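All remarks here apply to the structure that follows.
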Amino acid sequence: MTANISISQHPIIKQKVSQLRNVKNTPREVRELIDSISRLMMYDVTMDIDLAPVGTEQSPVGAYTEMRVATKVALVPVLRSGLAMLSAASDLLHDAEIRHLGLFREETTLQPVEYYNKLPRVCGVDECVVLDPMIATGGTAEAAVQILQHWGVEKIKFVCICASKQGIESLAAKYPDVQFFVAVIDEVLDKRGFVSPGIGDCGDRLNNTA
């Protein structure tokens, strides 16, 4: 694996991923597990953000310097399944911009199709955190990265729960300046573009539309 791929080694994340795989989960259980995994993953994602002093405040026993996040962050959920990770990310980064990207994978060609993009003309953030539970072939992830690079953001972090080995290694090699955070990497990517054992079609599992 390349240096820009960070694979979680946290045992609780591993346990929750194994629970998420289960085909018997209800949509509510899928939503809860994705939210929980995302909250744990965001700890590592935010390790390098900058802080700045904002003034002196008083604790019960003395004065202290209050600190606030200084890095301007945009959270970018990829519709529709990326929305399940948004609450976890925004609960940590209260002042982050939220910018949605609508992308889906065409079933026959497996190529990404963009259907929603309302990014402002000028990029006003320091970094983007892309949220998408799955990287399979990597086509949708690559499209998201290219859109954000064209927008002009200097730093991109991509957070996903499950990725195929083929997909994430290809992305990491092609975009060495993008940091990829992943909970689990699976070896098998079949001819239909499905990861095995994987976590299934997250959009359908989250929304009960399978």
Side-chain angles (χ1 to χ4, degrees), residues 2-6 34 38 41-42 44-46 48-50 69 71-90 92-183 185 189 193-195 199 201-204 206-207:
T2 59
N4 60 329
I5 300 176
S6 177
I34 288 179
S38 301
M41 292 183 69
M42 285 300 297
D44 287 330
V45 175
T46 56
D48 63 346
I49 59 175
D50 295 326
V69 171
T71 304
K72 294 181 180 179
V73 180
L75 301 174
V76 187
V78 177
L79 303 178
R80 59 184 169 163
S81 55
L83 290 173
M85 304 171 73
L86 180 58
S87 178
S90 60
L92 285 182
L93 297 168
H94 306 125
D95 297 323
E97 294 183 9
I98 299 174
R99 303 290 181 182
H100 302 83
L101 287 179
L103 296 163
F104 70 90
R105 187 177 68 175
E106 205 282 323
E107 291 185 0
T108 55
T109 66
L110 303 183
Q111 295 301 304
V113 177
E114 179 184 335
Y115 66 91
Y116 185 86
N117 179 351
K118 293 293 185 181
L119 294 174
R121 185 173 59 182
V122 178
C123 175
V125 299
D126 302 313
E127 70 175 57
C128 287
V129 177
V130 185
L131 307 170
D132 196 349
M134 173 64 74
I135 292 176
T137 63
T140 300
E142 181 171 13
V145 168
Q146 289 177 345
I147 289 168
L148 295 173
Q149 287 181 334
H150 181 72
W151 188 39
V153 69
E154 294 185 0
K155 188 172 187 177
I156 300 173
K157 298 172 180 174
F158 201 105
V159 187
C160 78
I161 292 173
C162 180
S164 74
K165 186 174 186 290
Q166 175 184 325
I168 199 165
E169 287 185 347
S170 175
L171 285 166
K174 193 168 184 178
Y175 301 97
D177 294 333
V178 176
Q179 186 69 36
F180 295 89
F181 295 85
V182 59
I185 295 177
L189 179 67
F194 287 105
V195 182
I199 56 175
D201 185 317
C202 283
D204 283 343
L206 285 162
N207 296 286

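FYI, side chains are in, hydrogens and waters are out, and symmetry mates aren't considered; it's all heavy atoms of this structure. If you're wondering where the values come from, they're calculated on a predicted model, not measured in any experiment.
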D204/R80 ion pair, N-O < 4.0 Å:
yes
K157 side, atom NZ; S6 side, atom OG - distance, nearest 0.5 Å
10.5 Å
Do Y175 and Q146 get their side chains close enough for a donor-acceptor pair, meaning under 3.5 Å?
yes
Could you tell me whether the side chain of I98 reaches within less than 4.5 Å of the side chain of H100, counting heavy atoms only?
yes
Just verifying a value: how many Å separate E127 CD and I156 CD1, rounded to the nearest 0.5 Å?
10.0 Å
Going by heavy atoms in the side chains, are L75 and V130 under 4.5 Å from each other?
no
As a quick check of understanding, evaluate side chain to side chain contact (heavy atoms under 4.5 Å, CB included) for M134 and I199, giving each step before the final call.
CA-CA 8 Å; M134 173 64 74; I199 56 175; 3.3 Å; yes
Measure the CG-OG1 distance between L101 and T140 for me, rounded to the nearest 0.5 Å.
11.0 Å
Do D126 and V73 touch side chain to side chain, with heavy atoms closer than 4.5 Å?
no
What do you reckon, is CD of E154 surrounded by more than 12 foreign heavy atoms closer than 6.0 Å?
no
Check: D132 side chain, G82 main-chain N or O, donor-acceptor pair, under 3.5 Å
no
Given side chains that start at C-beta, do those of S164 and F194 come closer than 4.5 Å, heavy atoms only?
no
Shortest non-hydrogen separation from G193 to A136 and the atoms involved
O-CB, 3.4 Å
Under a 4.5 Å cut-off applied to non-hydrogen side-chain atoms, are L171 and E142 in contact?
yes
Measure the CD1-CD1 distance between I185 and I5 for me, rounded to the nearest 0.5 Å.
5.5 Å
What distance separates S81 OG from I34 CD1, expressed to the nearest 0.5 Å?
7.0 Å
Taking it one step at a time, do V69 and D95 satisfy side chain to side chain contact (heavy atoms under 4.5 Å, CB included)?
CA-CA 9 Å; V69 171; D95 297 323; over 6 Å; no
Shortest non-hydrogen contact from M85 toward P133
SD-N, 3.5 Å
Taking NZ, NE, NH1 and NH2 as the nitrogens, is one of them in D50 or K72 under 4.0 Å from a carboxylate oxygen of the other?
no
Is the shortest heavy-atom distance from the side chain of V78 to the side chain of L131 under 4.5 Å?
no
Please report the closest heavy-atom contact between A172 and N4, naming both atoms and the distance.
O-ND2, 3.1 Å
Any side-chain heavy atom of L103 within less than 4.5 Å of one from L79?
no
To the nearest 0.5 Å, how far apart are CG in L119 and CG in L148?
6.5 Å
Non-hydrogen side-chain atoms of C128 and E97 separated by less than 4.5 Å:
no
When the ring planes of F158 and F180 are compared, do they come out parallel, tilted or perpendicular, using 30° and 60° as the limits?
tilted
Where R99 and A74 come nearest, the two heavy atoms and their spacing
CG-CB, 4.3 Å
